[in-house]
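First the structure, in the form of structure tokens, and then the observations on it.
Letters A, B, ... mirror the listed sequences (proteins, then strands); counts begin at 1.
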There are 2 protein chains.
Amino acid sequence: MGRKRTKSGKIRLAEVAELAGVSPITASRFFRNPEALSVAKRTRVESAAQELGYVPNLAARALASQRTEVIGVLIPSLTNNVFSDVLRGIYDAFEGSPYSIQLSNTRYSILQEEKLLRLFLAQKPAGLIVTGIDQTTESRAMLEAADCPIVQIMEIGPNPVDMMIGFSHYDAARAAIAHLFAQGHRKVGFVGARMDPRVQRRLDGYVAAMKDAGLFDQRLIVTTATPTSVTLGGALFADLLARESGIDSVFCANDDLALGVLFECRRREIAVPEQIAIVGFNDLEFMASSVPTLTSVRTNRYEMGSAAAAMLIEAIEGKRPQEPVLDLGFTVIERQSSQTQRPAAGPRAAEWAPVIQNDSVTNDP
Amino acid sequence: MGRKRTKSGKIRLAEVAELAGVSPITASRFFRNPEALSVAKRTRVESAAQELGYVPNLAARALASQRTEVIGVLIPSLTNNVFSDVLRGIYDAFEGSPYSIQLSNTRYSILQEEKLLRLFLAQKPAGLIVTGIDQTTESRAMLEAADCPIVQIMEIGPNPVDMMIGFSHYDAARAAIAHLFAQGHRKVGFVGARMDPRVQRRLDGYVAAMKDAGLFDQRLIVTTATPTSVTLGGALFADLLARESGIDSVFCANDDLALGVLFECRRREIAVPEQIAIVGFNDLEFMASSVPTLTSVRTNRYEMGSAAAAMLIEAIEGKRPQEPVLDLGFTVIERQSSQTQRPAAGPRAAEWAPVIQNDSVTNDP
DNA sequence: AGGATCGTTGACAGCGCTACCAGCAACGAC
DNA sequence: GTCGTTGCTGGTAGCGCTGTCAACGATCCT
């Protein structure tokens, strides 16, 4: 009769064990904790598995062990460049690990997030990555009751559910405005779209900075719930100009908007930065190569994803980090669009030096 | 004793069945094929499940039924805007369905793709979406032996494994060049990065068009294996200018490169389109709002994803499409950057009309 | 020498669900 | 009246793997 096989002809653990001359449970251990086997059996099982081309049945494993190797990831948007960078960090960090990622899109809705969370938690994930700190109370309760590690990403705040990694959007916005003040600007406009919680906190930072300087004016703020785009940046800036005159600079809640503002300036023949200074947010790649180059607040998106994944893996394996909250910070990258004393050739050349960057395979842009 | 429960306190199907006063198997059927139950039992099971907050255990289901509701998706990059649009289409189309998406990144490596494919197929997915038509022979064999529907996306070609949805990159490039010819351009440069199979086919289309017109010159082509970026577009264009003079137009293999070329022109004070015409590829959002607006080849990326998902669902449910190959086509969107007779106010206004677009939630940008 | 400890191995009993087949009532065709 | 036929329901027997516990020889300690 030879080896029994399942209908589909699939190789089971039992076949591997038989070929290796060990019990199924020993073969099973080989895949979970090879060190527990004697070297002799280890090699026997290994070569048997190799020979038969054995691939474990994850469903059976999950059922028997009462846990999965699924990491749930909840993000609000698949389009936003910001999230694709974070995702890349997450996927890269999990590569080679046994964990598989289950990605879901909340579409910026905390109700949708709650629904997805319920779905995820029912499958007992090994870990969870959620975006932001603004969950519904119901979601919050579920997260706190969950018996798996959880990382909140994108921003930091009080009362982490478990672990948290991000930076202060409020402080980042304040730093951007401080830079504009340092360059002598006073009438700073704010252009924002989508207005999700993080953009809202950037706005809060802007408002606080302006109020502290005694320069706050509601009419300098233009926002919309519409999803962001370059085109929208131009349109919102046009609204701002129509409403208020004498603006000397604009802080944009993201880089797409900043690029749109730049184009709108060009269209109206407004000199940047001489007449209007522009500062964006996130420091996407194109900011360094536009004309003029655009100042932005650099955020560590890829690192946020990979660090979140790394923390999660550590925590799953029982090695919780000392410090559950990790602030990745930000950097104001000062470029031509906001520099009143426009630098000569030097800086321009420096900014142009790394023309061919991002060439690493692991970083996969 | 009341209802027995599993250690973790989870509600099992047996509990639901007990509360509903039916056998477990009847309760099971309710979730898979409600029509098979009498109306009375159906409502009883439904309210029992509701009351207990029952959520099925997917691992047990997969193990017992020997199939999963997992859709494997293999894409070469998480960063590229092109794929994020496709992914959005896929995720949106699967939303509300029982299927869950398992996404993996091949990093433009067909060997990596083969490895991932092996992994996926071992878990008997319900369906598979793979990128492109250039698989290893081993991958090809696995795909053909797979007993689930498969959709190849991003391009079309001969011999689909199963279903196929995309467009001809070769034809699209030829159309772009034809447009430049029609505008009176002759010395058309080509700028390409990453040079994956689809970019290669765009190059092939360019080469064929140039040869047909008797204008082909190897020195007009600049490519690199480096991943694409705006900065890189400028750098490659600079290379092209340094090597060859008299170029009157540039066809860029994607929009990022085109934007980089535009900035480089601005930096060098080259008038666009008067001195150099620019055509990009994909028609990303910013192409319509740059100054000047940039001509591009529009591709239906979101539709590609959603149509692939729709085809897959149909096929899984036994309704295979008549025509397994779907050509989504492309459109050359002519804008200022390639129009020799620059239009007056009219067209510009038209291009500016939909400043606030993409506002739908389902389209989630 | 006797007992304790360690490293290694195996038997058993499910995990929660569904495929398969059998059963049963109600109905109609012959 | 017998034989399907249809519609619905339930029993049995696993799916492939792992948690738990026990057993074993080898080594170590007192």
Side-chain angles (χ1 to χ4, degrees), chain A residues 3-46 48-49 52-70 98 122-124 126, chain B residues 3-46 48-49 52-70 98 122-124 126:
Chain A
R3 289 190 288 277
K4 282 175 303 188
R5 286 199 180 184
T6 189
K7 282 174 276 203
S8 61
K10 268 264 147 292
I11 309 295
R12 299 196 310 271
L13 190 55
E15 275 82 63
V16 176
E18 191 182 334
L19 180 62
V22 300
S23 71
I25 189 67
T26 301
S28 166
R29 266 192 279 265
F30 169 76
F31 292 100
R32 289 173 294 148
N33 183 18
E35 282 73 33
L37 302 203
S38 62
V39 183
K41 304 227 165 179
R42 201 184 307 169
T43 51
R44 287 235 300 284
V45 175
E46 181 160 26
L52 296 172
Y54 171 72
V55 183
N57 181 321
L58 265 38
R61 177 179 291 176
L63 180 58
S65 67
Q66 292 287 65
R67 55 196 170 70
T68 63
E69 286 176 334
V70 169
Q123 303 309 325
K124 301 186 200 231
Chain B
R3 289 190 288 278
K4 281 175 306 188
R5 287 200 179 185
T6 188
K7 283 174 273 206
S8 60
K10 268 263 147 290
I11 309 296
R12 298 196 310 273
L13 190 54
E15 274 82 61
V16 176
E18 190 182 335
L19 180 62
V22 300
S23 72
I25 189 66
T26 300
S28 166
R29 265 191 282 263
F30 169 77
F31 293 100
R32 290 173 293 146
N33 183 18
E35 283 75 34
L37 302 204
S38 62
V39 184
K41 304 225 166 183
R42 202 184 307 171
T43 50
R44 288 236 299 284
V45 175
E46 182 160 25
L52 296 172
Y54 171 72
V55 183
N57 180 321
L58 265 37
R61 177 180 290 177
L63 180 58
S65 67
Q66 294 286 64
R67 58 199 166 67
T68 62
E69 285 176 333
V70 169
Q123 304 308 325
K124 302 188 200 230

Item to check | For the student: nearest non-hydrogen atoms of A:Tyr54 and A:Ile11, plus distance | outcome: CD1-O, 3.5 Å

Item to check | Atom CZ of B:Arg67 with >12 non-hydrogen neighbours under 6.0 angstrom | outcome: no

Item to check | Atom-to-atom span, CZ of B:Arg12 to P of C:dG14 - whole angstrom | outcome: 12 Å

Next on the checklist: One pair to check against side-chain contact (heavy atoms from CB on, under 4.5 Å): A:Gln123 and A:Val70. What are the steps and the verdict?
Outcome noted: CA-CA 9 Å; A:Gln123 303 309 325; A:Val70 169; over 6 Å; no

Item to check | Between C1' of C:dA19 and CZ of B:Arg61, the distance in whole Å | outcome: 14 Å

Checklist entry - Taking DNA chain D as the partner, which of residues 26-38 of chain A come within under 4.0 angstrom of it by heavy atom? => result A:Ser28, A:Arg32

Item to check | Gap between atoms CG and C1', on B:Leu13 and C:dC15 respectively (whole Å) | outcome: 14 Å

Item to check | Spacing between B:Ile25 atom CD1 and D:dA13 atom P, to the nearest angstrom | outcome: 14 Å

Item to check | From CA spacing to verdict: side-chain contact (heavy atoms from CB on, under 4.5 Å), B:Phe30, B:Val16 | outcome: CA-CA 11 Å; B:Phe30 169 77; B:Val16 176; over 6 Å; no

Next on the checklist: To check you understand the geometry: which heavy-atom pair defines the closest contact between B:Glu69 and B:Ala126, and what is its length?
Outcome noted: CA-CB, 4.2 Å

Checklist entry - D:dG16 C1' sits how many Å from A:Glu18 CD, rounded? => result 15 Å

Checklist entry - Has B:Ser23 got a side-chain N or O lying under 4.0 Å from the OP1 or OP2 atom of D:dG10? => result yes

Checklist entry - Counting N and O atoms only, with roles assigned by atom type, does the side chain of A:Glu46 sit under 3.5 Å from a partner on the main chain of A:Lys41, one being a donor and the other an acceptor? => result no

Checklist entry - Roughly how many Å is it from CG in A:Leu58 to C1' in C:dG16, rounded to a whole number? => result 17 Å

Next on the checklist: Using the side-chain heavy atoms of A:Lys41, tell me which of these nucleotides is nearest: C:dG10, D:dC17, C:dC17.
Outcome noted: C:dG10

Checklist entry - Which whole-number value in Å describes the distance from B:Gln123 CD to D:dC15 P? => result 17 Å

Item to check | Short side-chain N/O contact to C:dG16 OP1/OP2 from A:Gln66, under 4.0 Å | outcome: yes

Checklist entry - Given D:dG16, is OP1 or OP2 found less than 4.0 Å from the side-chain N or O atoms of A:Tyr54? => result no

Next on the checklist: Between A:Leu37 and A:Arg29, is there a side-chain heavy-atom distance shorter than 4.5 Å?
Outcome noted: yes

Item to check | A:Arg67 vs D:dG19: side-chain N/O to OP1/OP2 distance below 4.0 Å | outcome: yes

Checklist entry - Roughly how bent is the helix from C:dA1-D:dT30 to C:dC30-D:dG1 end to end, in steps of 10 degrees, with each end axis from five pairs? => result 40°

Item to check | Nearest-Å distance for atom pair CG/P, residues B:Leu63 and C:dT18 | outcome: 11 Å

Checklist entry - If every non-hydrogen atom of A:Val45 is compared with every non-hydrogen atom of A:Ala27, which pair is closest and at what distance? => result CG1-CA, 4.1 Å

Next on the checklist: Can you tell me which nucleotide in C:dA19, D:dC17, C:dC17 comes closest to the side chain of B:Ser65?
Outcome noted: C:dA19

Checklist entry - Does B:Thr68 reach the main-chain N or O of B:Ala62 with its side chain, forming a donor-acceptor pair under 3.5 Å? => result no

